[in-house]
Amino acid sequence: MPATPFTAYLYPVLLLVGSNVFMTFAWYGHLKYRSAPLLAVILVSWGIAFFEYCLQVPGNRLGAAVYSAPQLKGMQEVITLLVFAVFSAFYLGQPLKWNHWAAFALIVVAALLMFKE
């Protein structure tokens, strides 16, 4: 099925959201299991990261057709922050505080500047 202009913009975002879920678990999921051996944690994280790359690479490849590389990177940062905020609160039980949200808001503003011509 050929991509419509809407899906050409949407598919990369959805793939990047999915990749960020995997990435966040790979990078921070082990913090819930601090007694696990470090080598085991590294190997499990690598395994999870494989699936992150399976979504991230096509997400950026498809996204490059409609977004510039700096726009993709800015978008990636915002998606990462949103996924991490949910992960931190619900998986790790560490909700963000006002200063975290303020710092994230500044990063979002910086990312939005990527889309200005």
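A quick note: this is a predicted structure, and the numbers were derived from the prediction, not measured.
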> Do Ile42 and Trp46 come close enough that some side-chain heavy atom pair is under 4.5 Å?
Replying inline: yes
> Hey, does Leu15 have a side-chain heavy atom less than 4.5 Å from the side chain of Val57?
Replying inline: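 Val57 vs Leu15: side chains apart.
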When clusters are formed by joining ILVMFWY residues with side-chain heavy atoms under 4.5 Å apart, either directly or through shared neighbours, do [X] and [Y] land in the same one?
| X | Y | answer |
| --- | --- | --- |
| Leu92 | Val44 | yes |
| Val13 | Val86 | no |
| Phe22 | Leu31 | yes |
| Phe104 | Phe115 | yes |
| Ile48 | Tyr53 | no |

When rounded to the nearest 0.5 angstrom, what distance separates [atom1] in [X] from [atom2] in [Y]?
| X | Y | atom1 | atom2 | result |
| --- | --- | --- | --- | --- |
| Tyr11 | Phe6 | OH | CZ | 9.5 Å |
| Gln56 | Arg61 | CD | CZ | 11.0 Å |
| Lys73 | Ser68 | NZ | OG | 13.0 Å |
| Thr80 | Leu16 | OG1 | CG | 8.5 Å |
| Leu43 | Leu38 | CG | CG | 9.5 Å |
| Met23 | Leu55 | CE | CG | 12.0 Å |

> Excluding sequence neighbours, so at least two apart, what forms salt bridge (charged side-chain N to carboxylate O under 4.0 Å, His left out) with Lys32?
Replying inline: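 None.
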If every non-hydrogen atom of [X] is compared with every non-hydrogen atom of [Y], which pair is closest and at what distance?
| X | Y | value |
| --- | --- | --- |
| Gln71 | Met114 | CG-O, 3.4 Å |
| Val78 | Ala111 | CG2-CB, 3.5 Å |
| Leu96 | Ala85 | CD1-CB, 3.4 Å |
| Leu62 | Pro12 | C-CG, 3.9 Å |
| Pro58 | Cys54 | CG-O, 3.0 Å |
| Ala26 | Ser45 | O-OG, 2.8 Å |

> What pairs of residues pass the ring-ring contact (aromatic ring centres under 6.0 Å, His included) test when at least one of them lies in residues 62-93, not counting sequence neighbours?
Replying inline: Tyr9-Tyr67, Phe25-Phe87, Phe25-Tyr91, Tyr28-Phe84, Phe87-Tyr91
>> Determine whether Asn20 and Gln76 satisfy the following criterion, side chain to side chain contact (heavy atoms under 4.5 Å, CB included), listing intermediate values before the conclusion.
In response: CA-CA 8 Å; Asn20 267 279; Gln76 179 73 25; 2.7 Å; yes
